[in-house]
Structure formats: structure tokens, C-alpha cells
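Step one of this worksheet: look at the structure below.
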Amino acid sequence: AGPQWVSDAAWLSLAEDAARRDLGLHFHLLESPAQAACAKILYPEGVLHRLQSLGVFEAHVSVAHFTQATESDIVDAARMGLVIVSNPGSNMRLGNGPPDIARWRAAGLDVALGTDNCAFQDNEDYLSELRLGSLLARGAVAAGKSDAAATFLMGTDVGARAMFATDAGRLALGMKADLVALDLSRLRGIYLDRDTDLLGAVIARGLGSDVLMTMVDGVERYRRGRLADLRRNQAAELAAKAAEASRSAGKGAALAAAEIAEALRSHYARLAQ
């Protein structure tokens, strides 16, 4: 969930193991104002400097959020070649503010885009989330301009690198056949000017409901409402059963969470006096 939950000894062990086995390390970083305040106390030299001293960047690393990053954090991240996975819908819904994607890109950072299982809307529509990311990536200076190709790469090439996948994210010889086919009829509408960039139209108008087919490593997983050999209503029924079972098993955790929440309220109320 973040560096603040991991001891230096654990980081040393994780980093050594990941580097030895050529694995990636992915973790949340500077997501909320509370985390930023905590990091300032725990890592006065800078959180990325501390992680570097522990050997974390000897492995492949990507981080989620980064919303509360300072200018020095951004400079450090760019110097270390850190891949940022922005989750704009989640950040704003949880009150952590919009990610400054335009500033990150200007500093030379590679930015992928995720949802953190809490997208801008409750439909986990990745194309809608990409659209939100593209608007945030414009910045004040580039207002009115849009780079559809750069936005598309957030979900493909850079997205694959954020997951440490070297054989996915691009359509090229030797890469896995990970494909998505879209129905363009709704996107085109009654008329789409022939000078309109088609990729730009997909970014501006695309929805998950436009997806006709998905393929993973050459294996078709979804086509026109069917998930492989499973119909959508069957998938929904199984998902509902799993969710209900999880809820039943988690009643004790819910009670514990309520107790923790009340303890936190009392703690901060005393600090405010």
C-alpha cells in the first residue's frame, strides 16, 4: 500500500529478491495528503532517496498514484526512470486531488493509466478513464490541444511497462497477440468528417460497450457479450455469489473497521483541541 507500511529491513529483502529473480516491484506512493505528511516525517531525505538507498531501484519499479508528489519528488522519479501509474478517477473520488499528469510528462516521466478498482464512474470503463487522463494531461499551457497517440500509449505500451511485460503493449513481430476490436458505428455517428483523426475520436468518444472482441495471447476471451465459453448472465450470477460470500465472511472485519474509524476520530478530535 505504500513505503510507510514497510520497514527498511523488509525493503532491503524485497529489493534483493526482486533484483536477483528479475522481478518487478509495484507499490502505491504519495497517494493522499496524510501519506505525504507521513513520508515527510519518516523520510526527511525524500522517500525516493530512501528507497534508492535500500536498493529498491536495482529492480524494475513502477508506482501507483504519486498525486501528492513535490517538485523534488518529480525530479527524483524522472532521474530514476520511474514509471507512474496514474489513477485519476480514484484520486478525485477519494478526495486526494487530480494527478498532475501534464507536469509529470513535462518532467520526462512515463505515465500509464489505471483505475485502482475505483474508476471515475462505477462501471470500470477503461476508455472513459483514458479520456479523463487525456484531459488532465493537457495542462494549462496546452489547453485545447490533445495528443491521442500519447493518451493511447498510457494504456498500451507504457501500461505494459508498468506491469513489467516485455512481450505485450504493442502490435509487433514477436509480441503477444493481445488485441481489442471496437465497433466504430456509434463513434462515427451519423457523420464523422474524413479529416477527423480516428484514434482521436476513439479517445474522445469511446466506451467499453463499443468493444466487440478481446484476445489475450492469441486466445479469444470475449466476443459480442460472451466471455469465452461463459455467457454474461452466468458471469454476473457467479460474481454476485462471490461478492455475497465475501461480505458474509467479512462481518468481523467490518466491525473492526468501525472501531478503528471511531478511534481515529477521537484521536484527531483531541489533536484539534
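The first residue of the sequence shown is numbered 1, and numbering continues consecutively from there.
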Please walk me through it: do Thr70 and Leu30 pass side chain to side chain contact (heavy atoms under 4.5 Å, CB included)?
CA-CA 9 Å; Thr70 64; Leu30 300 172; over 6 Å; no
With side chain to side chain donor-acceptor pair (under 3.5 Å) as the test, would you mind laying out the steps for Asn96 and Thr67 before giving the verdict?
CA-CA 7 Å; Asn96 295 323; Thr67 311; over 6 Å; no
How far apart are the C-alpha atoms of Asp147 and Arg138, what are their side-chain angles, what is the distance that settles it, and do they pass the side chain to side chain contact (heavy atoms under 4.5 Å, CB included) test?
CA-CA 8 Å; Asp147 187 341; Arg138 291 181 180 184; over 6 Å; no
Working note: Leu113 + Glu129, criterion side chain to side chain contact (heavy atoms under 4.5 Å, CB included); need CA distance, chi angles, decisive distance, verdict.
CA-CA 8 Å; Leu113 191 134; Glu129 201 76 2; 3.5 Å; yes
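Arg131 places a side-chain N or O within donor-acceptor distance of the main-chain N or O of Gly206, the cut-off being under 3.5 Å.
Applying the ring-ring contact (aromatic ring centres under 6.0 Å, His included) criterion to Phe120, with sequence neighbours excluded, gives no partner residue. Every residue meeting the salt bridge (charged side-chain N to carboxylate O under 4.0 Å, His left out) condition with Arg170, not counting sequence neighbours, appears here in chain and number order: Asp157. With sequence neighbours left out, the salt bridge (charged side-chain N to carboxylate O under 4.0 Å, His left out) criterion links Glu45 to Arg50.
Salt bridge annotation for Arg188-Asp183: absent, with no cationic side-chain nitrogen under 4.0 angstrom from a carboxylate oxygen. Ion pair Lys241/Glu237 flagged as a salt bridge, since at least one NZ, NE, NH1 or NH2 atom sits closer than 4.0 Å to an Asp/Glu carboxylate oxygen.
Separation of atoms CG (Leu14) and CG (Leu23) is listed at 10.5 Å; rounding is to 0.5 Å. Here CH2 of Trp5 is found 8.5 Å from CD of Gln35. Values are rounded to the nearest 0.5 Å. Between the CZ atom in Arg79 and the OG atom in Ser72 there is a gap of 10.5 Å [rounded to 0.5 Å]. Summarising the geometry, atom CG belonging to Asp125 is positioned 10.5 Å from atom OG1 belonging to Thr115; distances are rounded to the nearest 0.5 Å. In this structure, the separation between CG on Leu132 and CG on Leu127 is 13.0 Å, given to the nearest 0.5 Å. Here CG of Leu54 is found 5.0 Å from CG of Leu12. Values are rounded to the nearest 0.5 Å.
Residues Ala168 and Asp178 come closest through the heavy atom pair CB-OD2, 3.6 Å. The two residues Leu130 and Gly155 make their nearest non-hydrogen contact at CD2-N, 4.2 Å. Across Val158 and Ala112, no two heavy atoms sit closer than the pair CG1-N, 3.6 Å. Taking each heavy atom of Ala77 and Leu48 in turn, the nearest pair found is N-CD1, 3.6 Å. Pairing each heavy atom of Phe57 with each of Leu82, the nearest pair is CE2-CD1, 3.7 Å. Considering every non-hydrogen atom in both Ser62 and Phe164, the closest pair reads OG-CZ, 3.5 Å.
Taking hydrophobic clusters as Ile, Leu, Val, Met, Phe, Trp and Tyr residues chained together by side-chain heavy-atom distances below 4.5 Å, Phe66 shares a cluster with Leu42. No continuous path of hydrophobic side-chain contacts links Val85 to Leu25 [ILVMFWY only; heavy atoms under 4.5 Å]. Hydrophobic cluster membership is shared by Leu171 and Met215, with clusters built from Ile, Leu, Val, Met, Phe, Trp and Tyr side chains linked at under 4.5 angstrom. Cluster membership check: Val211 shares its hydrophobic cluster with Tyr126, using side-chain heavy-atom separations under 4.5 Å among Ile, Leu, Val, Met, Phe, Trp and Tyr. There is a path of hydrophobic side-chain contacts, each under 4.5 Å, that joins Ile74 to Met80.
When the shell of 6.0 Å around CD of Glu124 is examined, it contains more than 12 heavy atoms from other residues, nucleotides or ligands. Under a cut-off of 6.0 angstrom, the local environment of OH in Tyr191 is crowded, with over 12 non-hydrogen atoms contributed by other residues, nucleotides or ligands. Atom CZ of Phe152 is surrounded by 12 or fewer heavy atoms from other residues, nucleotides or ligands within 6.0 Å. Atom CG of Leu264 has more than 12 heavy atoms from other residues, nucleotides or ligands within 6.0 Å. For Gln52, the CD atom counts as densely surrounded, since its 6.0 Å shell holds more than 12 non-hydrogen atoms of other residues, nucleotides or ligands.
Screening Val56, Val6, Asp76, Val63 for a side chain to side chain contact (heavy atoms under 4.5 Å, CB included) involving Leu51 leaves a single residue, Val56. The one candidate from Leu212, Val202, Leu207 that meets the side chain to side chain contact (heavy atoms under 4.5 Å, CB included) condition with Leu182 is Val202.
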Which side-chain N or O atoms in residues 98-111 pair as donor and acceptor under 3.5 Å with protein atoms at least two apart or in another chain?
| residue | atom | partner | partner atom | Å |
| --- | --- | --- | --- | --- |
| Asp100 | OD1 | Arg103 | N | 3.4 |
| Asp100 | OD2 | Arg103 | NE | 2.9 |
| Arg103 | NH1 | Glu71 | OE1 | 2.7 |
| Arg105 | NH2 | Ala150 | O | 3.4 |
| Asp110 | OD2 | Arg161 | NH1 | 2.8 |

N/O donor-acceptor pairs under 3.5 Å from side chains in residues 256-263, not counting sequence neighbours:
| residue | atom | partner | partner atom | Å |
| --- | --- | --- | --- | --- |
| Glu262 | OE1 | Arg265 | NE | 3.4 |
| Glu262 | OE1 | Arg265 | NH2 | 3.2 |

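Under the 3.5 Å distance criterion, with hydrogens and angles disregarded, no donor-acceptor pair is assigned to the side chains of Thr196 and Asp193.
Between Val47 and Lys40, the closest side-chain pair of non-hydrogen atoms is not below 4.5 Å. The shortest distance between side-chain heavy atoms of Met213 and Val180 does not fall below 4.5 Å. Thr166 is not listed as a side-chain neighbour of Met175, based on a closest heavy-atom distance of 4.5 Å or more.
The aromatic rings of His28 and His65 lie perpendicular to each other, with more than 60° between the two planes, well past the 30° mark.
Within the structure, every pair that satisfies the side chain to side chain donor-acceptor pair (under 3.5 Å) test and touches residues 211-227, not counting sequence neighbours, is listed here: Glu220-Arg223, Tyr222-Arg232.
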